[in-house]
2 protein chains.
Amino acid sequence: MSSTVAKALSLLDYFSEAEPEIGLSELARRSGVDKATVHRMLGVMCDYGLLEKRGDARLYRLGAGVLRLARVRETAFPVTSIFQQVLEMLSAELGETAHASLISGHALATIGVSESNRGSRVSLLAGEILPMHSTASGLVVMAFSKPELVDRLLGEPLAAKTSRTITDPSILRARLQEVALTGYAESDQTNEDDVYGIAMPVFDSDGAVTGAIAVATPAHRMTNDLRQQVIAALFREAEKLNYSLGGRPPAAFRTAASRYRPD
Amino acid sequence: MSSTVAKALSLLDYFSEAEPEIGLSELARRSGVDKATVHRMLGVMCDYGLLEKRGDARLYRLGAGVLRLARVRETAFPVTSIFQQVLEMLSAELGETAHASLISGHALATIGVSESNRGSRVSLLAGEILPMHSTASGLVVMAFSKPELVDRLLGEPLAAKTSRTITDPSILRARLQEVALTGYAESDQTNEDDVYGIAMPVFDSDGAVTGAIAVATPAHRMTNDLRQQVIAALFREAEKLNYSLGGRPPAAFRTAASRYRPD
DNA sequence: TCCCGTTGGTTCATTATTATCACCAGTGGT
DNA sequence: ACCACTGGTGATAATAATGAACCAACGGGA
């Protein structure tokens, strides 16, 4: 963790939809890195287009380089566009917010959101980073990941995002067992108060999890009827998604899916 | 240039549409960096989601993190979507390939392409990096950039992309003077054989250049009639673009635009 | 007006990180 | 069996990163 490139790259994560432009001192304060060091790193990242300085203001923001890199990846492996279609289908059918995320390092990166048009709905920030241990998407991803990844993730301390967040690794492991059996994960306000999430895994052609699609509702609105409806829709769309992306769900997930009966 | 983060970030630029997945040894060979070093850097960049390993194959590719970062930037400052509309307008009207690029470090990053539907047309790779000195877009960007940026760019050796590429800094400076007067730049096979490009600058709210839109045709097809048509269309679309993006063209460009008469 | 707390940015001696080499194990082709 | 690759790993030498102190500039507030 004390690698310099790691420190430099970690600076990128402070830029968000809510705060797309940050100054030098502010960034140094938050990251805990010295101002001079941050300055040098920002300079290099500007040179490579990952960041850029707004002309007059002395603020930094994400640069054109990230747009370019995303284009390169998306052209070679078009996933966001395919995910987006599925999300819009889901949110239209269920009237709730749907979102998709991919494994990115040791967390999840939100790469697509489709909000419902209801007055009361769950909102997500575009490009938000979701923790593995406190979200439905994270649980379902861990449940189908290789044990060594889970070990690494549960080795670090688990932040209590709400009062209901599971922070005990052994309890969490038990949850993962259940999730692996059912094929989907639920989160009742474990990441954010008043948000209930249900997530389904998405796989690549090697049978490895790559991410998840999920539906989030205000917690009070989640009845058992809606739950069943959401789960059925997610199973259906996840299968379509795996087909479109060439994903091969592992046996564990296929049997879970076939075992599923609305109760 | 000998900074480690610079070396690490430079590795990203080896991933392209044409070659989206690269192995460790290959990357070490091209970058000229030691295999062990590359390995450590790739590991860190994987940790931060900029890269990822394809499950079975031991190849690296751009990760979900770049998708996320691009989303964050695009949500905060939606430019690619606006550019894309303009590009489609241009390619439809002119029947030639149109593309847009933004300043990214000391080069240009292609962030949008709209190819014509003709049989013979110019093709660009998505997310391609365009040199400043050999492309019409680069010339027009430099022509309206601050002198210190131009000095930095012309201080480094200029690669001869074709036999017609201008590699002499002083000759190039003279060209930039002309370009600043006319408001647009032309490139007759200076970046790629048989490609003729015409580019127009795009500005931000501070009057600084941020990028360019351009039309590229097969060189033999560029008649004076077509030239005039392209230039007129680019002036028109550039103005619309500056309006949509809140860009304020500097006086130098506005007078150039008003001075323009088809000859 | 002065003062004070900011800001972005720079410098340089110290030190901790990083590069390099050699090595290992696995794989695919001949 | 061999060879030429591949991805990956460790220990030491050398380099590059660090962080405190220091500027200049800006914006209030009194």
Side-chain angles (χ1 to χ4, degrees), chain A residues 1-15 19-48 50-63 105-106 146-149 151-152 204 206 208, chain B residues 1-15 19-48 50-63 105-106 146-149 151-152 204 206 208:
Chain A
M1 228 302 249
S2 44
S3 121
T4 54
V5 293
K7 265 179 279 191
L9 295 183
S10 71
L11 296 179
L12 292 176
D13 288 343
Y14 290 95
F15 296 89
E19 192 173 19
E21 296 183 306
I22 312 183
L24 170 61
S25 297
E26 181 67 17
L27 210 40
R29 198 177 308 121
R30 296 211 198 159
S31 61
V33 183
D34 190 89
K35 214 174 28 165
T37 304
V38 172
H39 182 251
R40 190 165 32 82
M41 289 173 174
L42 292 180
V44 175
M45 298 179 94
C46 282
D47 282 348
Y48 282 86
L50 289 192
L51 293 176
E52 62 190 20
K53 274 204 262 215
R54 265 271 303 276
D56 62 340
R58 269 86 61 87
L59 296 176
Y60 295 84
R61 66 173 180 189
L62 294 171
H106 26 247
K146 284 178 296 188
E148 51 260 40
L149 175 64
D151 292 343
R152 258 195 14 222
D204 68 7
D206 307 319
Chain B
M1 229 301 249
S2 44
S3 120
T4 55
V5 292
K7 265 180 278 192
L9 295 183
S10 71
L11 296 178
L12 292 176
D13 287 344
Y14 290 95
F15 296 89
E19 192 173 17
E21 296 183 306
I22 313 184
L24 171 61
S25 297
E26 181 67 17
L27 210 40
R29 197 177 309 121
R30 296 210 198 160
S31 61
V33 182
D34 190 88
K35 214 173 31 165
T37 304
V38 172
H39 181 252
R40 191 160 35 79
M41 290 174 176
L42 292 180
V44 175
M45 299 179 95
C46 283
D47 282 347
Y48 283 85
L50 289 191
L51 293 176
E52 63 190 21
K53 274 204 261 215
R54 267 271 303 276
D56 60 341
R58 272 90 57 88
L59 296 175
Y60 295 84
R61 67 173 180 188
L62 293 172
H106 25 245
K146 286 178 296 189
E148 51 261 40
L149 176 63
D151 292 344
R152 258 194 16 221
D204 68 6
D206 308 318

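Chain identifiers are assigned alphabetically (A, B, ...) following the order of the sequence lines, protein sequences preceding nucleic acid strands; residue numbering begins at 1 within each chain.
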Atom-to-atom span, [atom1] of [X] to [atom2] of [N] - whole angstrom:
X	N	atom1	atom2	answer
A:Arg30	C:dT7	CZ	P	12 Å
A:Arg54	C:dG8	CZ	C1'	16 Å
B:Leu42	D:dG7	CG	P	10 Å

The contact string for nucleotides 25-30 of chain C, one letter per nucleotide 5' to 3', using protein heavy atoms under 4.0 Å with B, S and - for base, sugar-phosphate only and none, comes out as ------
Nearest 0.5 Å, what's the [atom1]-[atom2] distance between [X] and [Y]?
X	Y	atom1	atom2	result
A:Lys53	A:Leu59	NZ	CG	10.5 Å
A:Leu62	A:Glu21	CG	CD	10.0 Å
B:Leu9	A:Met45	CG	CE	5.5 Å

Would B:Arg30 and B:Glu19 pass as an ion pair if we require N to O under 4.0 Å? yes
Looking only at non-hydrogen atoms, find the nearest pair between [X] and [Y] and report the distance.
X	Y	result
A:Tyr14	A:Ile22	O-CD1, 3.2 Å
A:Ala28	A:Lys35	CB-CA, 3.8 Å
A:Val44	B:Ser3	CG2-OG, 3.9 Å

Any residue meeting side chain to side chain contact (heavy atoms under 4.5 Å, CB included) with A:Asp34, in chain and number order, not counting sequence neighbours: A:Ala36, A:Thr37
Is there a side-chain polar atom (N or O) of B:His39 under 4.0 Å from OP1 or OP2 of D:dG7? no
Check the phosphate of C:dT7 against A:Tyr60, side-chain N and O only, distance under 4.0 Å to OP1 or OP2. Yes or no?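 So the side-chain polar atoms of A:Tyr60 never come under 4.0 Å of the phosphate oxygens OP1 or OP2 of C:dT7.
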Pairs under 3.5 Å (N/O, protein and nucleotides 16-23 of chain D):
from	atom 1	to	atom 2	distance (Å)
D:dA17	OP1	B:Thr4	N	2.7
D:dA17	OP1	B:Thr4	OG1	3.0
D:dT18	OP1	A:Lys7	NZ	2.7
D:dT18	OP2	A:Arg40	NH2	2.9

